[in-house]
Undergrad: 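Quick one: the structure is below, and I'll ask about it shortly.
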Amino acid sequence: MSETAGKDEARDALNVVICNWARDYQYAILPAQDDDPARPDGRRHFRTVWSKRSAREPIPEAVVSVYFTMVPKQPRGYRITYVIEKQRYVHSVDDALQFQPAWLERVLEAKVAAVDKLYELNRQPRARKT
């Protein structure tokens with residue numbers, strides 16, 4: 001099997017898993033920066049970027065990244081784990097606690113609130129010592 005075929009197979013397997021996770025969101029599957037197709041263990045790393053668009057706001061205010069690690073299982077398939085943004089907890093697709101779209105929503109809301117706060121702070125003059 002070529003490296004490209006392995007990458008496509010892993011990407012397709014990931015797409016099957018996440019395609020129904022959050023129907024109100026759009027996502028893109030990208031190779032992660034640390035992905036090395038030549039790894040002897042066949043491990044693959046992907047970054048998915050999730051956004052929520054609407055007719056009124058076709059350009060999303062913020063996006064959420066979910067980082068996936070896929071390790072081949074014998075005889076077929078992958079063990080898939082993921083981390084949402086910079087969170088510490090490593091989720092597994094096989095966990096009893098299934099993916100919740102609210103996790104994406106919380107991260108998006110926090111990002112939008114942070115940007116709103118920055119704009120608010122920039123509109124006010126900075127307090128100076130006299």
Side-chain angles (χ1 to χ4, degrees):
M1 175 173 66
S2 72
E3 291 171 4
T4 304
K7 180 71 116 181
D8 291 343
E9 179 184 322
R11 184 186 304 267
D12 292 346
L14 179 58
N15 192 47
V16 167
V17 169
I18 67 175
C19 68
N20 292 318
W21 272 9
R23 292 190 180 270
D24 292 341
Y25 290 82
Q26 292 79 38
Y27 65 89
I29 300 174
L30 309 168
Q33 289 179 345
D34 62 345
D35 188 45
D36 179 6
R39 286 183 66 113
D41 62 0
R43 181 183 307 249
R44 296 286 184 245
H45 298 271
F46 292 97
R47 173 180 172 230
T48 57
V49 180
W50 298 75
S51 63
K52 199 171 195 177
R53 299 181 194 137
S54 67
R56 286 184 24 218
E57 292 184 25
I59 299 173
E61 288 185 281
V63 297
V64 179
S65 293
V66 181
Y67 299 91
F68 289 87
T69 299
M70 301 177 66
V71 180
K73 291 193 302 189
Q74 296 300 328
R76 293 197 71 201
Y78 292 90
R79 180 177 179 274
I80 303 172
T81 57
Y82 60 96
V83 176
I84 299 170
E85 290 280 333
K86 301 289 183 198
Q87 296 177 359
R88 294 182 183 166
Y89 185 76
V90 178
H91 300 270
S92 174
V93 171
D94 299 328
D95 283 346
L97 178 60
Q98 294 297 310
F99 179 85
Q100 301 293 314
W103 299 343
L104 296 176
E105 193 65 34
R106 274 188 238 131
V107 174
L108 284 176
E109 288 172 0
K111 285 184 171 185
V112 170
V115 169
D116 288 347
K117 186 67 173 173
L118 285 172
Y119 277 113
E120 180 183 313
L121 291 172
N122 284 332
R123 287 189 207 121
Q124 297 176 2
R126 189 171 129 190
R128 305 219 183 249
K129 293 182 182 181
T130 53

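The shown structure was predicted, so the numbers you read here are calculated from the model rather than taken from an experiment. Start at 1 with the first residue, then count along the sequence.
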Undergrad: Would you say the side chain of Ile29 lies within less than 4.5 Å of the side chain of Leu14, judging by non-hydrogen atoms?
TA: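 Answer yes - side chains close enough.
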Undergrad: Do you know which two heavy atoms are closest between Leu108 and Ala62, and how far apart they sit?
TA: CD2-O, 3.3 Å
Undergrad: For the OG1 atom of Thr48 and the OH atom of Tyr27, what is their distance to the nearest 0.5 Å?
TA: 9.0 Å
Undergrad: Report the C-alpha distance between Ile84 and Val107 in whole Å, list the side-chain angles of each, state the deciding distance to 0.1 Å, and finish with yes or no for side chain to side chain contact (heavy atoms under 4.5 Å, CB included).
TA: CA-CA 9 Å; Ile84 299 170; Val107 174; 4.1 Å; yes
Undergrad: Given the rule in the side chain to side chain contact (heavy atoms under 4.5 Å, CB included) test, do Ile18 and Trp50 qualify, once you have shown the distances and angles that lead to the verdict?
TA: CA-CA 11 Å; Ile18 67 175; Trp50 298 75; 4.0 Å; yes
Undergrad: For residues 93-110, which residue pairs pass the side-chain hydrogen bond (donor to acceptor under 3.5 Å, both in side chains) check, not counting sequence neighbours?
TA: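 Listed once each, the pairs are Tyr25-Glu105, Lys52-Glu105.
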Undergrad: Answer yes if Leu30 and Val63 sit in the same cluster of Ile, Leu, Val, Met, Phe, Trp and Tyr residues linked by side chain heavy atoms under 4.5 Å apart, and no otherwise.
TA: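 Per the 4.5 Å side-chain linkage, Leu30 and Val63 are co-clustered.
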Undergrad: Of the non-hydrogen atoms in Trp21 and Val17, which two are nearest, and what is the gap between them?
TA: NE1-O, 3.4 Å
Undergrad: If the condition is side-chain hydrogen bond (donor to acceptor under 3.5 Å, both in side chains), which residues does Asp116 pass it with, not counting sequence neighbours?
TA: none
Undergrad: For Phe68 and Tyr82, I'd like to know if the aromatic rings sit close, meaning centre-to-centre distance below 6.0 Å.
TA: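 Yes.
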Undergrad: Hey, could you give me each pair passing side-chain hydrogen bond (donor to acceptor under 3.5 Å, both in side chains) that has a residue in residues 58-70? Not counting sequence neighbours.
TA: His45-Thr69, Arg47-Ser65
Undergrad: Which residues pass the side-chain hydrogen bond (donor to acceptor under 3.5 Å, both in side chains) test with Lys111, not counting sequence neighbours?
TA: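 For Lys111 the side-chain hydrogen bond (donor to acceptor under 3.5 Å, both in side chains) partners, ignoring immediate neighbours, are Glu85.
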Undergrad: In chain order, what residues pass the side-chain hydrogen bond (donor to acceptor under 3.5 Å, both in side chains) check against Arg23, with sequence neighbours excluded?
TA: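 Residues passing side-chain hydrogen bond (donor to acceptor under 3.5 Å, both in side chains) with Arg23: Asn20.
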Undergrad: How many angstroms lie between CG in Asn15 and CG in Asp8, if you round to the nearest 0.5 Å?
TA: 12.0 Å
Undergrad: Under 4.5 Å between side-chain heavy atoms, hopping through other hydrophobics if needed: is there a path connecting Leu104 to Val93?
TA: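 Both belong to a single hydrophobic cluster.
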Undergrad: For a quick test of reading the model, state the closest non-hydrogen atom pair linking Pro31 to Phe46 and the distance between them.
TA: CA-CD2, 4.1 Å
Undergrad: For Ala13 versus Tyr78, what's the shortest heavy-atom pair and its separation?
TA: CB-CD1, 3.9 Å
Undergrad: With sequence neighbours excluded, tell me which residues meet side-chain contact (heavy atoms from CB on, under 4.5 Å) with Arg53.
TA: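 In terms of side-chain contact (heavy atoms from CB on, under 4.5 Å), with neighbours along the sequence ignored, Arg53 is linked to Gln26, Ser51, Pro60.
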Undergrad: Using side-chain heavy atoms (C-beta onward) and a distance below 4.5 Å, is Val71 in contact with Asp41?
TA: no
